[in-house]
Amino acid sequence: MMRSGPRARLEALRKVWRGGREEDGCKEDGCKEDGCKEDGCKEDAGEKTTGKKAASKAKKEEIPIREWWNEPPLKNGQKWRSLRHNGVYFAEEWKPHGEPIIYDGEEIVLPPLAEQYATQFAQVKDNENYGANPVFRRNFFKDWRKQCLVPAKLGRIKDIKKIDWSRLIAWSEAEKERKKSRSKEEKDAEKAKKAAIKEKYGHVWIDGFREELGNFTIEPPGLFRGRGEHPKRGSLKPITWPEDITLNISRDAPVPPCPLEGHKWGAIVHNDSAMWIANWREKLCGQHKYVWASAGASISQRGDMAKFDKARELQYYIDKLRGDYMRKLKSKDATSRQLGLASWIVDVLALRVGMEKNAEEEAETYGTCSLLVEHVELLEGPKLKLEFLGKDSMPYTNTVDVPEEVAAAMGKCLKGKAATDSIFDSISPTTLNSYFKEFMPGLSAKVFRTYNASVTLERELAKSEGLNLSIEEARVFYTNANREVAILCNHMRTVNEESFSAQVDRMQERLKAARKALKERKNKTKDARATLKEAKAEGKPKALEKAKKALERAKALETKQVGRVKKIEADMELKTSTKEIALGTSKINYMDPRITYAWCKKVGMPVEKVFNPALIKKFPWADVAGEDWKFICPREVSGIKIKRVVKKKKSTAKKKSTAKKKSTAKKKSTAKKKATATKKKKSTATKKKSTKKKVTGKRKRGSATAKKAADGDDEDDFVASGDDDDAFTRRKDGDFVASDDDDDLPLRSPVKRSRRSRAVVNYAVDDNDDDE
DNA sequence: TACTCAGACTCAGAAACCTTATA
DNA sequence: ATATAAGGTTTCTGAGTCTGAGT
């Protein structure tokens with residue numbers, strides 16, 4: 001098994017791609033000879049000494065692309081053949097600054113860890129998402145006191161309101177200032193140090209190729225910054241030690257030495273079906289954390305391409321699927337109807353599937369299957385209005401025209417339910433995804449987002465047909481298409497209104513100045529023209545020549561100024577039209593990069609105008625797309641093998657029993673959900689009333705208000721009642737005047753948008769298709 | 001078989017940081 | 001030439017989805 005055909009080919013290819021660059025790293029990393037031999041390093045080492053080195057050094061920045069897409073495929077489920085790395089990096093320990101907090105007039109210098117957390121808190125003390133938020137404050141103080149103060153015999157610090165943080169804030173500011181005013185030498189030295197760390201810990205050897213890691217520093221202790229109304233925001237994230245960490249390496253790879261003296265790794269595994277390099281369990285929320293290769297590493301690219309190919313494959317199944325779910329909408333069976341309606345939402349509105357969440361542990365956010373009655377409204381038209389918090393607690397607000405069937409089905413799903421009941425009580429993400437898989441292998445809800453994002457981009461870009469765009473115009477055109485996709489996917493960013501309007505004002509001034517300058521330029525051209533005319537009339541060759549040159553120069557300057565004005569105008573247009581929209585996420589994750597490459601080639605714009613270096617690194621495989629490459633394409637061109645559509649085999653009886661069980665399960669959870677109070681803004685008084693009435697029993701997804709009542713979150717600040725534990729009592733000094741109101745507001749104000757894209761859908765009902 | 005849950009991986013915006021444009 | 005602001009990029013780590021193993 002030493003040298004099979006494909007293997008030999010692979011090694012030959014590697015020699016070309018590598019350009020001899022990597023055994024440097026190989027030696028530095030102190031790799032085992034054996035391991036290298038298997039990776040084909042040894043042979044390269046011999047070759048390297050032949051002067052190739054100089055060439056590769058000269059082109060040091062030119063990293064050869066590993067054309068993994070031309071390599072023989074890996075075994076099913078295998079992610080790598082060999083894996084070697086230097087472990088993970090632990091950030092430097094906190095160096096105590098010794099600045100005290102002032103508690104009730106008394107200066108208290110804190111022990112190192114307490115100081116580290118306290119300094120972090122002080123830095124976000126007035127930020128309304130963090131330190132100024134009552135839940136954040138409460139969680140922070142509770143954890144900090146219990147974990148850091150009480151053990152250090154500082155239990156007398158019982159009231160966060162009596163803490164004066166100003167010395168810590170002053171220290172932080174001075175530190176910032178110091179950092180800013182470092183000398184060039186200092187900066188360079190730090191840069192070099194950082195680079196050395198990255199050199200050692202920031203890389204991994206996968207199948208003999210040196211790849212960058214995405215993250216390699218273990219998260220330092222800090223305050224948990226959950227998004228939205230996360231119940232744990234502000235809590236302390238403990239230190240992660242080497243003992244918590246599991247490393248994944250090849251069997252024959254050397255175990256990286258543990259960088260912290262006196263410690264050792266938790267475990268070493270050799271799992272070639274996993275992509276991670278290291279993993280540990282974060283102690284606060286219990287979630288798994290991983291160290292991965294960067295997005296530009298071939299191991300990541302492979303997954304990326306597979307994702308887009310799968311989304312692209314959907315085009316051959318989508319008509320049938322759409323026909324089916326539109327028919328299901330009219331079904332008398334609730335499960336069927338809900339499957340149809342949920343599919344429509346996933347497909348047309350590009351919502352996420354909406355897994356169930358635990359309200360005690362996570363912020364309450366929603367997706368398709370978890371939508372509540374209060375999130376939707378049927379309007380005349382018919383129109384459907386949706387308003388809820390999605391992933392990352394980003395507000396989703398959208399009103400769309402809907403087909404009559406959709407409105408009717410939604411009407412039925414809402415009928416007889418309370419505002420806080422689940423709309424889709426008979427289905428779940430699992431049943432919905434199983435339904436999708438009846439049509440296409442591997443199809444799940446998220447594929448629709450990728451599919452529809454890519455289709456939207458391609459559709460929008462196709463509108464440039466026959467426009468003959470300049471490069472600058474093409475860039476704007478692309479950004480506008482990108483914007484449509486971002487709107488479809490609800491990718492948003494928060495805007496600081498104050499600084500935004502200041503920026504727009506400044507831009508306006510710049511535009512004004514540029515326009516004025518253009519006017520002057522035009523006048524100068526006019527003058528130059530007049531001079532030329534005069535010179536011609538006078539018939540002096542020398543003067544004529546001079547005047548000609550002057551006119552040319554004037555014209556050139558005018559054109560340049562026209563360009564400047566145009567650029568500012570375009571920038572301004574983009575700035576306002578993409579004000580609350582984050583374009584990056586769709587570029588990185590949703591739009592097939594081959595569409596971008598193809599279009600750029602078509603309009604003659606360098607792809608670098610719209611893809612930053614990281615994206616270029618991430619999508620080298622997309623460059624194979626020629627200008628005629630299409631995401632949506634005729635079958636024979638695609639090269640995609642169409643698998644036979646899986647016929648629905650489930651008998652009606654079986655399906656019904658499943659539905660029934662599911663429905664009972666859901667009903668139970670619906671009952672739990674009844675504890676939910678409405679999230680809409682109400683007066684505090686009303687809110688409190690409804691809360692009292694509705695809080696019952698256990699619940700998975702409770703309302704913010706109900707939860708708050710249980711947690712006592714409506715306090716602004718907290719007083720510890722004892723030295724030994726986290727028993728907190730409500731502050732009695734009347735200082736927390738009804739501050740619960742602001743805690744109930746979403747962290748980001750809901751955005752009203754005038755228009756929102758939705759996927760263009762053909763409901764081609766295939767009559768040959770069977771249905772219940 | 002049906003359901004739950006852990007594990008693994010993709011997707012996400014904020015903040016930090018670095019570069020470029022402009023005054 | 002220099003300071004500053006704007007803009008773009010990278011880093012960080014939280015929040016989703018989905019699969020498959022275990023019960």
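Applying the 4.0 Å criterion to OP1 and OP2 of dA12(B), one finds that Tyr590(A) has a side-chain N or O inside that range. Between dA12(B) and Arg449(A), a contact under 4.0 Å exists linking OP1 or OP2 to a side-chain N or O. Proximity of Thr494(A) to the phosphate of dA14(B): a side-chain N or O atom is located under 4.0 Å from OP1 or OP2. Not one side-chain nitrogen or oxygen of Lys391(A) sits closer than 4.0 Å to the OP1 or OP2 atom of dG13(B). Here Thr430(A) does not reach the OP1 or OP2 of dC18(C): none of its side-chain N or O atoms lies under 4.0 Å away. Phosphate contact (OP1/OP2 of dC12(C), side-chain N/O of Lys289(A), threshold under 4.0 Å): absent. Remark: Lys357(A) is in phosphate contact with dG16(C), judged by side-chain N or O atoms under 4.0 Å from OP1 or OP2. Between Arg352(A) and the phosphate of dA12(B), there is a side-chain N or O to OP1/OP2 separation shorter than 4.0 Å. Distances shorter than 4.0 Å separate none of the side-chain N or O atoms of His288(A) from OP1 or OP2 on dA8(B). The side chain of Gln287(A) contributes no N or O atom lying less than 4.0 Å from OP1 or OP2 of dA15(C). Of the side-chain N and O atoms in Asn433(A), one or more sit less than 4.0 angstrom from OP1 or OP2 of dC18(C). Checking the phosphate oxygens (OP1, OP2) of dT10(B), no side-chain nitrogen or oxygen of Lys618(A) falls inside 4.0 Å. Contact annotation: Ser444(A) reaches the phosphate of dC18(C) (side-chain N/O to OP1 or OP2, under 4.0 Å). Under 4.0 angstrom from either OP1 or OP2 of dG14(C) there lies no side-chain N or O belonging to His230(A).
Among residue pairs with one or both ends in residues 270-283 of chain A, those qualifying as salt bridge (charged side-chain N to carboxylate O under 4.0 Å, His left out) are Asp244(A)-Lys283(A); sequence neighbours excluded.
Position along DNA chain B of the nearest nucleotide to Ser586(A) versus Asn127(A) favours Ser586(A) as the more 5'-ward residue. Between Cys285(A) and Pro613(A), the residue anchored closer to the 5' end of DNA chain C is Pro613(A), taking for each the nucleotide with the nearest heavy atom. Mapping Trp276(A) and Tyr130(A) onto DNA chain B by nearest heavy atom places Trp276(A) closer to the 5' end of the strand. Comparing Glu282(A) and Leu443(A) against DNA chain C, the residue whose closest nucleotide sits nearer the 5' end is Glu282(A).
One N or O on the side chain of Asn215(A) and one on the backbone of Tyr290(A) form a donor-acceptor pair closer than 3.5 Å. Remark: the backbone N or O of Asp392(A) is not paired with any side-chain donor or acceptor of Arg227(A) at under 3.5 angstrom. Of the possible polar contacts, one joining the His85(A) side chain to the Asn248(A) backbone as a donor-acceptor pair under 3.5 Å is found.
An angle of 0°, rounded to 10°, separates the two end axes of the helix from dA2(B)-dT23(C) to dA23(B)-dT2(C), each defined over five pairs.
Considering CZ of Phe140(A) and CG of Asn133(A), their distance stands at 14.0 Å, rounded to 0.5 Å. Interatomic distance, Gln301(A) CD to Lys617(A) NZ, rounded to the nearest 0.5 Å: 10.5 Å. Note: Asp143(A) CG to Leu284(A) CG = 7.0 Å, rounded to the nearest 0.5 Å.
Both the sub-6.0 Å distance and the 45° axial angle are not jointly satisfied by Arg233(A) relative to the ring of Phe224(A).
Relative to the side chain of Ala582(A), the nucleotides dG13(B), dT17(C), dC9(B) differ in distance, and dG13(B) lies closest. The side chain of Trp292(A) has dC9(B) as its nearest neighbour among dA15(C), dC11(B), dC9(B). Out of dA12(B), dA8(B), dA14(B), the shortest distance to the side chain of Arg493(A) is found at dA14(B). Comparing dA15(C), dG14(C), dC9(B) against the side chain of Asp392(A) picks out dA15(C) as the nearest. Taking the side chain of Lys446(A) as heavy atoms from C-beta on, and the options dC18(C), dT13(C), dT11(C), the nearest nucleotide is dC18(C). In this structure, of dA12(B), dT17(C), dT13(C), it is dT13(C) that holds the atom nearest to the side chain of Pro220(A). In this structure, of dT19(C), dA6(B), dT17(C), it is dA6(B) that holds the atom nearest to the side chain of Arg281(A).
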5' to 3', nucleotides 16-23 of chain B under a 4.0 Å protein heavy-atom cut-off (B base, S sugar-phosphate only, - none) gives -S----SS
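Between Lys179(A) and Glu186(A) there is no salt bridge, since none of the side-chain N atoms of the basic residue sits less than 4.0 Å from a carboxylate O of the acidic one. Salt bridge annotation for Lys232(A)-Glu362(A): absent, with no cationic side-chain nitrogen under 4.0 angstrom from a carboxylate oxygen.
At whole-Å resolution of the value, CE in Met591(A) and C1' in dA12(B) are 16 Å apart. Between Met394(A) atom CE and dG16(C) atom P the separation is 12 Å, expressed in whole Å. Atom NZ of Lys283(A) is separated from atom P of dG14(C) by 14 Å (rounded to the nearest Å). As rounded to whole Å, 12 Å separates atom C1' of dG13(B) from atom CG of Asn129(A). The separation between Glu212(A) atom CD and dC12(C) atom P is 13 Å, rounded to whole Å. The CG-P distance, from Asn215(A) to dA8(B), rounds to 15 Å in whole Å. Distance NZ (Lys575(A)) to P (dA5(C)): 14 Å, rounded to an integer number of Å. The distance from atom NZ of Lys307(A) to atom P of dT17(C) is 15 Å, rounded to the nearest whole Å.
Between Thr596(A) and the options Asn482(A), Leu615(A), Val607(A), a side chain to side chain contact (heavy atoms under 4.5 Å, CB included) holds for only Val607(A).
Minimum interatomic distance between Ala453(A) and Cys489(A) (heavy atoms only, all atoms of both residues): CB-SG, 4.3 Å.
Counting any heavy atom pair closer than 4.0 Å across all strands shown, Lys187(A) reaches no nucleic acid atom. Backbone-only contact: Lys237(A) has heavy atoms under 4.0 Å from sugar-phosphate atoms and none from a base.
Ring geometry for His375(A) versus Phe388(A): interplanar angle of 30 to 60°, hence tilted.
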